[in-house]
Amino acid sequence: MKPKTLIGLAAITVVVTVAAVVAVQQRESAIRPQAGGGPLFVDLGDKINAVAKIAITTADGGFTIARDGDTWGVVEKSGYPALFDKVKATILGLAEMRGLATKTDDAARYAEIGLADPGAEEGAARRLALLDDGGAELAAILLGDSGRGGGNRIYVRRPDDPQSWLAAADLDIGASALDWIDRTVLRITHDRVNRVVITQPDGGALIVGRKDRAEPRFSIADIPDGMKVSSASMINGLGGAIGFVTAEDVIAAADLPAAEEGATTARFETFDGLVVTVSSTTHDGALWAQIEAAFDPAIVVSEESSTAGEGEGEGEGEGEGAAVAKTEPETDPAAAASAEAEALNARHAGWAYALQEYTGEQMTRALADLIEEDVPEQPEDGAAPAE
């Protein structure tokens, strides 16, 4: 073989060797960064649109957030809509996770930083995985304890890699499926509510209301003879019963078991015509509610009629005490209430919510809960009876 040929082969060998080393380094860098910086998943940013499921495993089990077309839902909650911002933040948070420093690779010490397997009795990690629509994992990580120093530092470990890391990641995956949904199901402020009618399964009804917007307190419509109000605060509280309703759980209404007894309905009417009806039934000791909304133009009370008579007899013309002309609102309250009813139905149709205990009590009040026998006060010895 000629010398020039040998030199050529040596050069080719060197090139091939260098290329192989570079390829190995690239594969290693795709798995983990060098100590002190770099993303843990260098290629994940290019696969974000392929993510179809987010699977989370915890010591208590696990749950899955799945994409269906353009929406995301919680599989274990009958596909109830998930918070899109949380879905987006989780996917991007994993794609942008950076390794700050290598930590232990000794499995016996994983529990010390919360990176033991999710099923471990102590120091269990939470497993986060992103999957495509075929079920293949695009990325997976075990999340442990928070690191010192703040700045979203957390101990992490890849499931197939003994090396653990202190990483920087903006992730908040929660501990249960309920952390992925909007649990605030109703927020109708007390000042809007005009009338509340609660009907029991046996047909008995409790009706409370107020004269107009200026009246801060609610009163019972018809108090039976010989009875009186036992708690004015409880009556007034009914007007705020839908002010902030939070669900303890959610299920598809079709999956609710048969009711233990008939439904109790609470109908809330607002001055601007919104009607919200909450139908509640008891199952295994929990009160489950279904929500329906409507717009009723017949119950609309304008602000002008609510304040009619204010300032009457206090003077005329432009002098002191004259009525002040009101500026017409930019938005028609009735139109807004009608749109609100449509939005509430779009969100709540087909779903049932487990109510918090206090809210459940408010939604199922009976007339007997708010009145008592009106017994005249007995005069003290020697005192004349009160007239």
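Worth knowing before you read on, the calculation uses all heavy atoms, side chains too, and leaves out hydrogens, waters and symmetry mates.
Enclosure of atom CG in D68 is not indicated, since only 12 or fewer non-hydrogen atoms of other residues, nucleotides or ligands lie within 6.0 angstrom. In this structure, D222 places its CG atom where only 12 or fewer heavy-atom neighbours from other residues, nucleotides or ligands lie under 6.0 Å away.
Taken together through direct or relayed side-chain contacts under 4.5 Å among Ile, Leu, Val, Met, Phe, Trp and Tyr, I65 and L131 form parts of separate hydrophobic clusters.
In terms of heavy atoms, D369 sits closest to S230 at O-OG, 3.8 Å. What you find for T264 and P201 is that their closest heavy atoms are OG1-CD, 3.4 Å.
Listed by first then second residue, pairs satisfying side-chain hydrogen bond (donor to acceptor under 3.5 Å, both in side chains) with a partner in residues 271-287 read R192-D272, T270-D272, T281-H283, not counting sequence neighbours.
Side-chain rings of W165 and Y155 stay apart, their centers remaining 6.0 Å or farther from each other. When ring centroids are compared, H190 and F244 stay outside the 6.0 Å threshold.
Under the 4.0 Å criterion applied to side-chain N and carboxylate O atoms, K53 and D133 are not assigned as salt-bridge partners. Between E215 and R210 there is no salt bridge, since no side-chain N of the basic residue sits under 4.0 Å from a carboxylate O of the acidic one.
When V278, L186, V245 are each tested for a side-chain contact (heavy atoms from CB on, under 4.5 Å) with T359, only one passes: V245.
A donor-acceptor distance shorter than 3.5 angstrom exists from the side chain of E76 to the backbone of T64, with no hydrogens or angles considered. Under the 3.5 Å distance criterion, the side-chain polar atoms of R183 are matched with a main-chain donor or acceptor of A247.
Counting only N and O atoms by type, the side chains of T58 and D60 include no donor and acceptor under 3.5 Å apart.
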Do W288 and Y353 pass the ring pair (Phe, Tyr, Trp, His ring centres under 6.0 Å) test, and can you show the C-alpha distance, the side-chain angles, and the key distance before you say yes or no?
CA-CA 5 Å; W288 289 84; Y353 304 94; 8.6 Å; no

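The hydrophobic cluster containing V275 also includes I299, under a criterion of side-chain heavy atoms closer than 4.5 Å among ILVMFWY residues, counted directly or through chains of members.
A cation-pi arrangement, defined by a distance under 6.0 Å to the six-membered ring centre and an angle within 45 degrees of its axis, is present between R157 and Y110.
The shortest side-chain heavy-atom distance between I91 and L130 falls under the 4.5 Å cut-off.
The structure places CG of L355 at 9.0 Å from CD of E248, a figure rounded to the nearest 0.5 Å.
By the side-chain hydrogen bond (donor to acceptor under 3.5 Å, both in side chains) test, K86 is found to be paired with no residue, residues two or more places apart in sequence or in another chain being considered.
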